[in-house]
Amino acid sequence: MHILKEIAELKAARNAVILAHNYTDSAIQDIADYVGDSLELSRKAAECNAPVIVFCGVRFMAETAKILSPQSIVLHPEPGAGCPMADMADPDEVAAYKKAHPDTLLVAYVNTTAATKREVDLCCTSGNAEKIISALPAGQKIMFLPDANLGNNVSGKLSRPMNFWHGCCPIHDRVTPSDIEKARAAHPSAPVIVHPECRPEVVALADAALSTGGMLKFVSDSKAAEFIIGTEIGILHRMRNENPGKKFYPLDPAPVCVDMKKITLEKVRDTLRDLEPQIELDADTIARAAKPIEKMLEMS
Ligand code: 13P
Ligand code: SF4
């Protein structure tokens with residue numbers, strides 16, 4: 001049987017919902033019920049009420065779905081699809097920091113493990129970081145973790161001092177100012193949009209720094225005919241599909257998140273057939289990690 005038919009039949013039999021991040025392979029995006037950025041996928045997970053959620057993305061995203069929808073079976077087709085940035089904020093180190101700085105609010109980018117989310121006060125995504133930080137009282141000490149680039153970009157934009165953890169996304173941190181200049185020279189009339197996980201000196205050269213959902217809105221709202229896209233290339237699939245008259249150029253070298261690409265059609269089929277591997281989190285972790293995420297959803 002063709003794999004797409006197998007997936008469709010298994011999905012119906014399991015009454016499953018497939019959620020996929022904007023960076024997954026185009027074949028995965030095409031079979032998903034919903035494709036989005038981290039914030040949009042958290043909202044979907046919280047409201048979907050499905051008995052089975054297949055989460056196509058990296059592990060922290062699937063964990064967030066389980067935390068927000070603990071009654072659902074959350075399947076993660078490839079347990080080895082992690083996020084190197086999320087692993088840069090070790091839960092014990094974060095707990096020790098909190099103990100040593102009781103007057104500091106710990107704001108965690110959603111790109112953190114469930115074990116680390118247990119230790120923090122509030123979450124944010126790249127889509128709501130500015131809104132969340134600007135809602136905090138002036139003078140409140142903040143430790144922003146794990147992404148020092150996102151933290152610096154938000155802090156600069158809001159003129160709000162913060163402390164930063166020592167983490168970054170290896171894929172976005174690798175983008176250089178000369179990559180942007182090269183792309184601009186090749187396509188001088190195209191606006192440059194980058195992800196705020198890029199370094200501040202890269203963001204300074206761009207026309208906009210947005211979450212992946214924000215980028216999709218920007219390109220569909222814009223009157224420009226072509227765009228330079230400074231993020232993971234998986235997003236070009238939706239951009240091209242949703243904006244057939246416009247042109248999209250990736251950077252050179254094109255940023256690729258190998259972990260996102262570990263989710264394949266075969267693994268989606270297998271996980272639906274076997275109901276494994278599941279995200280399993282203990283009740284205490286779910287209860288504690290849910291607090292900073294729910295606070296974020298209320299504020300955004
Ligand atoms: P978005 O929330 O913008 O989709 O970002 C998630 C991510 O992992 C970016 O590298
Ligand atoms: Fe993590 Fe970077 Fe991949 Fe996003 S692109 S999932 S931050 S490694």
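Bear in mind the structure is a predicted one, so any value in this text is a computation, not a measurement. As the structure lists them, so they are numbered: ligands from 1, and atoms in each ligand from 1.
- For the pair Lys246/Glu226, no side-chain contact is recorded, criterion being any heavy-atom separation below 4.5 Å from C-beta on.
- Residue Ser126 places a heavy atom under 4.0 Å from ligand 1.
- By the side-chain hydrogen bond (donor to acceptor under 3.5 Å, both in side chains) test, Ser211 pairs with Asp37, sequence neighbours left out.
- If you look at atom 3 (Fe) of ligand 2, the protein N, O or S atoms less than 2.8 Å from it are Cys257 SG.
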Salt bridge (Lys or Arg N to Asp or Glu O under 4.0 Å), that's the test. Do Arg43 and Glu47 meet it? Break it down for me. CA-CA 6 Å; Arg43 289 211 180 98; Glu47 72 194 25; over 6 Å; no
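- Summarising the hydrophobic clusters (Ile, Leu, Val, Met, Phe, Trp, Tyr; side-chain heavy atoms under 4.5 Å, direct or chained), the residues clustered with Val35 are none.
- Contact atoms of ligand 1 toward Asn111: 7 (C), 8 (O) (distance under 4.0 Å to a heavy atom of the residue).
- Annotation for ligand 1: atoms under 4.0 Å from non-hydrogen atoms of Ser211 are 3 (O).
- Rounded to the nearest 0.5 angstrom, Asp147 CG and His166 NE2 are separated by 12.5 Å.
- Heavy-atom proximity to Ser38, at under 4.0 Å, picks out these atoms of ligand 1: 1 (P), 2 (O), 4 (O), 5 (O), 6 (C).
- Hydrophobic clustering, with ILVMFWY side chains joined whenever heavy atoms are under 4.5 angstrom apart, groups Phe60 together with Phe144.
- Residue Arg184 forms a salt bridge (charged side-chain N to carboxylate O under 4.0 Å, His left out) with just one option from Asp252, Asp207, Asp179, and that option is Asp207.
- Among protein heavy atoms, atom 9 (C) of ligand 1 sits closest to Glu197 OE2, 3.1 Å.
- Taking the six-membered ring where tryptophan is involved, the planes of Phe218 and Phe227 are perpendicular, since the angle between them exceeds 60° and thus also 30°.
- Every atom of ligand 2 with a heavy atom of Asn111 under 4.0 Å away is listed here by number and element: 7 (S).
- The shell of residues lying under 4.0 angstrom from ligand 1, judged by heavy atoms, includes His21.
- Taking a cut-off of under 4.0 Å to the non-hydrogen atoms of Asp37, the atoms of ligand 1 that pass are 1 (P), 2 (O), 4 (O).
- By the criterion of side-chain heavy atoms lying less than 4.5 angstrom apart, applied directly or through intervening Ile, Leu, Val, Met, Phe, Trp or Tyr residues, Leu75 is grouped together with Ile18 in one hydrophobic cluster.
- Between Tyr97 and His101, the ring-plane angle classifies as parallel under the 30° and 60° cut-offs.
- Close contacts of ligand 1 with His172, meaning ligand atoms under 4.0 Å from a residue heavy atom, involve 10 (O).
- Under the salt bridge (charged side-chain N to carboxylate O under 4.0 Å, His left out) criterion, the residue pairs touching residues 113-129 are Lys98-Asp121, Arg118-Asp284, Glu119-Arg288, with sequence neighbours excluded.
- Those atoms of ligand 2 with a heavy atom of Glu197 less than 4.0 angstrom away are 2 (Fe), 7 (S).
- Neither the backbone nor the side chain of Glu232 has a heavy atom within less than 4.0 Å of ligand 1.
- Here is the list of ligand 1 atoms found below 4.0 Å of a heavy atom in His195: 1 (P), 3 (O), 5 (O), 9 (C).
- Ring centers of His187 and Tyr249: under 6.0 Å apart, within the cut-off.
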